[in-house]
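Structure first, commentary second.
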Number of protein chains: 2
Amino acid sequence: MALDNRKKEVLQAIVDDYVATCEPVGSKALIDRHDFMVSSATLRNDMAELERMGYLEQPHTSAGRIPSDKGYREYVNSLMKVDRLSDAEGKEIKEKLSVSFDEIAELLKAASTALADQTGYISLAMTPKLTSSYLTQLKMLMIEPGKVLVVVVLSAGVVKNRMVRIPDFLTQEQIAQISNAVEQGLSGLPLSEISLITVATAAKDNQKVELPEALLNQVLYEAYTAIKQADNLDVYMQGKHRMLSLPEFSDTKRAQGLFDTLSHDGLVAGYVDEVTKQDEKKEYMIRIGQEITLEGLDDCSFITTTYNVGGKVAGNIGVIGPKRMEYSKVISQINFVRMMLDEKLKQ
Amino acid sequence: MALDNRKKEVLQAIVDDYVATCEPVGSKALIDRHDFMVSSATLRNDMAELERMGYLEQPHTSAGRIPSDKGYREYVNSLMKVDRLSDAEGKEIKEKLSVSFDEIAELLKAASTALADQTGYISLAMTPKLTSSYLTQLKMLMIEPGKVLVVVVLSAGVVKNRMVRIPDFLTQEQIAQISNAVEQGLSGLPLSEISLITVATAAKDNQKVELPEALLNQVLYEAYTAIKQADNLDVYMQGKHRMLSLPEFSDTKRAQGLFDTLSHDGLVAGYVDEVTKQDEKKEYMIRIGQEITLEGLDDCSFITTTYNVGGKVAGNIGVIGPKRMEYSKVISQINFVRMMLDEKLKQ
DNA sequence: GTTTAGCACTCTACCTTTCTGAGTGCTAAA
DNA sequence: TTTAGCACTCAGAAAGGTAGAGTGCTAAAC
């Protein structure tokens with residue numbers, strides 16, 4: 001059975017009010033704050049009906065109603081009006097993102113800060129995913145005999161480096177030649193197709209100097225792990241402890257559960273990935289309360305979207321807030337940040 | 001007026017009990033848990049006296065006593081017995097620190113993790129201070145025309161890199177020559193003595209290629225900022241949200257105040273620096289409650305110590321916990337970690 | 001059929017009161 | 001100087017009482 005128009009309005013009004021106050025909403029309060037052209041008794045009937053249908057719940061008999069996960073879901077799917085960002089706010093975000101950046105990491109940090117400040121919730125920005133990047137450069141720089149800095153540059157503007165050890169009688173020339181050979185053989189190859197074997201083949205096909213097999217393999221192995229390590233997603237998260245001021249987290253147990261999960265970047269990154277796959281075609285992905293399969297986030301909602309680098313789907317940005325979140329506002333804020341990122345990363 | 005022996009014992013016992021239970025300690029409980037050879041009435045008199053002298057306070061008339069900041073101070077200065085770490089625990093820490101590390105950052109991260117896990121409080125590990133390091137290498141690596149990765153290597157094993165932009169018609173050879181010249185001129189120089197002028201002088205003295213002055217200056221400026229940026233202390237902090245499970249932070253307001261301050265790495269680093277200077281000769285530095293001049297840490301205590309690189313004072317590690325901290329245990333843990341670091345960084 | 005007024009009912013939040021017991025300080029004797 | 005004893009204090013738990021926000025249901029009105 002579908003919701004009739006008035007029930008929709010009622011649900012929408014209840015979500016709006018609850019978001020604003022974090023207090024259960026009663027029929028009287030609803031009449032007071034909105035111009036329903038009916039009496040409170042009618043709303044009471046509607047609310048009872050909405051509860052029966054699972055859109056609302058009652059903390060206890062003599063309290064008002066609060067939205068259930070299903071209620072929020074209906075709200076974000078079809079009830080809320082997505083409002084445009086105010087010009088002032090747009091300008092503010094723009095300013096925060098007008099950093100000059102040489103590495104994508106800097107831009108993402110700025111984006112994460114802007115999102116956290118603007119929404120007041122927890123923000124998230126992740127470096128581009130490996131599936132969408134390929135190797136463009138590999139450099140090996142001898143820092144001191146036996147110690148080499150491997151610099152990996154990926155297509156999406158990601159630069160990673162890692163210090164490795166090699167036999168200390170190798171010269172800068174020798175390792176430069178090896179890295180050149182590997183670079184030549186692998187550049188343009190998606191990260192997912194790079195393996196120890198492809199690295200070795202590349203080196204042998206393009207290399208000019210002669211080196212004992214075992215020695216060469218050791219260097220190649222280090223190069224390979226450095227490349228593989230570059231595909232680790234970096235996660236920039238900000239504003240975590242702002243959640244402590246929300247009434248839903250006044251219980252430190254809950255807050256701790258949330259923080260425990262959030263402190264595992266990998267968990268969060270993996271979840272975002274999963275969600276992105278599920279909702280592939282959507283402009284933004286929303287997960288509400290129990291829909292989130294991460295522990296400790298049952299009272300939260302999660303909104304993410306993807307940004308593009310050079311026109312291709314790259315990484316994710318997002319916001320984690322209470323279920324009682326200002327959805328439409330947050331969505332427009334995320335969208336705006338996404339657009340800004342896309343533009344800056346068009347190249 | 002000095003404390004007589006029994007009063008010392010009483011104070012010590014009260015601190016021990018309060019640390020263990022977080023409940024005000026009364027005269028009866030004290031008799032029950034310790035073998036004082038006197039009656040509770042006698043202890044009551046002593047406790048009243050200790051309160052008059054400022055070592056104890058009473059939350060309210062009919063409650064037991066808790067240590068004041070002054071009481072804790074007396075405790076750590078002369079009452080507590082610093083116990084040796086158990087072999088088992090030593091082994092555990094050793095294992096956590098037995099990472100192979102190529103950059104000091106990795107080792108410090110491991111140290112911070114070990115400290116947090118072992119103490120159950122907040123741990124801190126900071127990269128070596130600039131005053132104790134000098135430049136050993138400067139490399140510039142062209143990533144693509146106009147984009148150069150500047151790698152700065154400092155004496156203490158710190159490696160930092162930064163992407164910068166330069167005019168895009170400069171070749172790898174040209175910038176390599178410039179960086180070589182600067183490296184030659186500056187290597188061995190303490191970071192504090194490096195300025196834009198010394199950089200320029202170094203370049204001009206050692207450089208062979210001819211470049212227009214303005215162009216050269218632009219590159220030098222980027223090199224200079226990269227070097228200067230390398231002296232930023234990195235702070236590794238772990239276990240923050242464990243504080244939420246302590247009764248003293250069950251009030252989210254307090255927890256938020258603490259987290260707000262701790263989220264500013266610079267503040268904390270600056271404070272550690274200050275404390276280190278004040279207590280220059282000491283093996284470890286302790287600050288208790290109000291003694292800490294950082295906002296939001298009035299209910300905390302702060303224990304730091306310094307580790308050495310190549311036998312010279314370098315950076316700091318430390319622990320932030322509640323005032324009601326197991327001081328002697330934490331001190332021996334920190335000491336052990338410090339010793340391990342010193343050994344690994346002897347080189 | 002839908003809406004509404006009216007009413008009895010429910011239940012939390014809050015306040016007040018009472019009670020308990022841990023802990024105190026003081027006094028007077030040992 | 002120490003101790004037993006006692007009156008006193010006060011936070012916190014327990015119990016009782018009230019207010020009011022909110023409900024569901026019924027029967028009348030539209």
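When reading the values below, keep in mind they use all heavy atoms of this one structure, side chains included, and skip hydrogens, waters and symmetry mates. Chain identifiers are assigned alphabetically (A, B, ...) following the order of the sequence lines, protein sequences preceding nucleic acid strands; residue numbering begins at 1 within each chain.
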(request) Would you kindly say whether A:Ser250 and B:Thr252 are connected by a side-chain donor-acceptor distance under 3.5 Å? (result) no
(message) Would you say A:Arg6 places a side-chain N or O within less than 4.0 Å of OP1 or OP2 belonging to C:dT3?
(response) yes
(request) Please examine the side chains of A:Leu262 and A:Ile320, heavy atoms only from C-beta on, and report whether any two atoms are closer than 4.5 Å. (result) yes
(request) Would you mind telling me which residue lines up with the more 5' stretch of DNA chain D, A:Ser27 or B:Met37, judged by nearest nucleotide? (result) B:Met37
(request) Can you tell me the distance, in whole Å, between the CG atom of A:Asn45 and the C1' atom of D:dC25? (result) 9 Å
(request) First locate atom CG of A:Asp46, then atom CE of A:Met53, and finally report the distance between them rounded to the nearest 0.5 Å. (result) 10.5 Å
(message) So A:Leu3 and A:Tyr55, do their side chains get closer than 4.5 Å, heavy atoms only?
(response) yes
(request) Measure from CZ on A:Phe36 to P on C:dT4 and round the result to the nearest Å. (result) 12 Å
Might you list the N or O atoms of the protein lying below 3.5 Å from N or O atoms in nucleotides 13-18 of chain D, with each pair's distance?
none

(request) Could you grab the distance from atom CG of B:Leu297 to atom OG1 of B:Thr261, nearest 0.5 Å is fine? (result) 6.0 Å
(request) Would you kindly say whether A:Tyr72 and A:Ser301 are connected by a side-chain donor-acceptor distance under 3.5 Å? (result) no
(request) Between protein and nucleotides 5-12 of chain C, map the contacts as a letter string: B base, S sugar-phosphate only, - none, heavy atoms under 4.0 Å, written 5' to 3'. (result) BB---BBS
(request) Using a 4.5 Å cut-off on heavy atoms from C-beta on, say whether the side chain of B:Tyr75 contacts that of B:Gln12. (result) yes
(request) For B:Leu30 and C:dT24, give me the distance from atom CG to atom P, rounded to whole Å. (result) 9 Å
(message) Closest approach to the side chain of B:Thr42, judged atom by atom: which nucleotide of C:dT24, D:dG22, D:dT2 is it?
(response) D:dT2
(request) Give one of base, sugar-phosphate or nothing for B:Ala48, where a contact means two heavy atoms less than 4.0 Å apart. (result) sugar-phosphate
(request) Check whether any side-chain N or O of B:Thr305 sits under 3.5 Å from a backbone N or O of B:Tyr284 as a donor-acceptor pair, and report yes or no. (result) no
(message) How many whole angstroms separate atom CD1 of B:Ile66 from atom P of C:dG23?
(response) 14 Å
(message) With rounding to the nearest 0.5 angstrom, report the CD to OG1 distance, A:Gln238 to A:Thr119.
(response) 10.5 Å
(request) Quick one: pull up CG in A:Asp117 and CZ in A:Arg242 and give me the separation to the nearest 0.5 Å. (result) 5.5 Å
(message) In whole Å, I'd like the distance from the CG atom of B:Asp46 to the C1' atom of D:dT2.
(response) 11 Å
(request) For B:Ile31 and C:dT24, give me the distance from atom CD1 to atom P, rounded to whole Å. (result) 11 Å
(request) Please give the angle, rounded to 10 degrees, between the axes at the start and the end of the helix from C:dG1-D:dC30 to C:dA30-D:dT1, where five pairs define each axis. (result) 20°
(message) Would you say that A:Ile286 contacts A:Ile331 through its side chain, given a criterion of any heavy-atom pair below 4.5 Å between the two side chains?
(response) yes
(message) Expressed as a whole number of angstroms, how long is the span from A:Gln58:CD to D:dT23:P?
(response) 6 Å
(request) Round to the nearest Å and state the distance from A:Asp17 atom CG to D:dG22 atom C1'. (result) 15 Å
(message) Less than 4.5 Å apart, side chain to side chain, heavy atoms only: is that true for A:Arg33 and A:Asp16?
(response) no
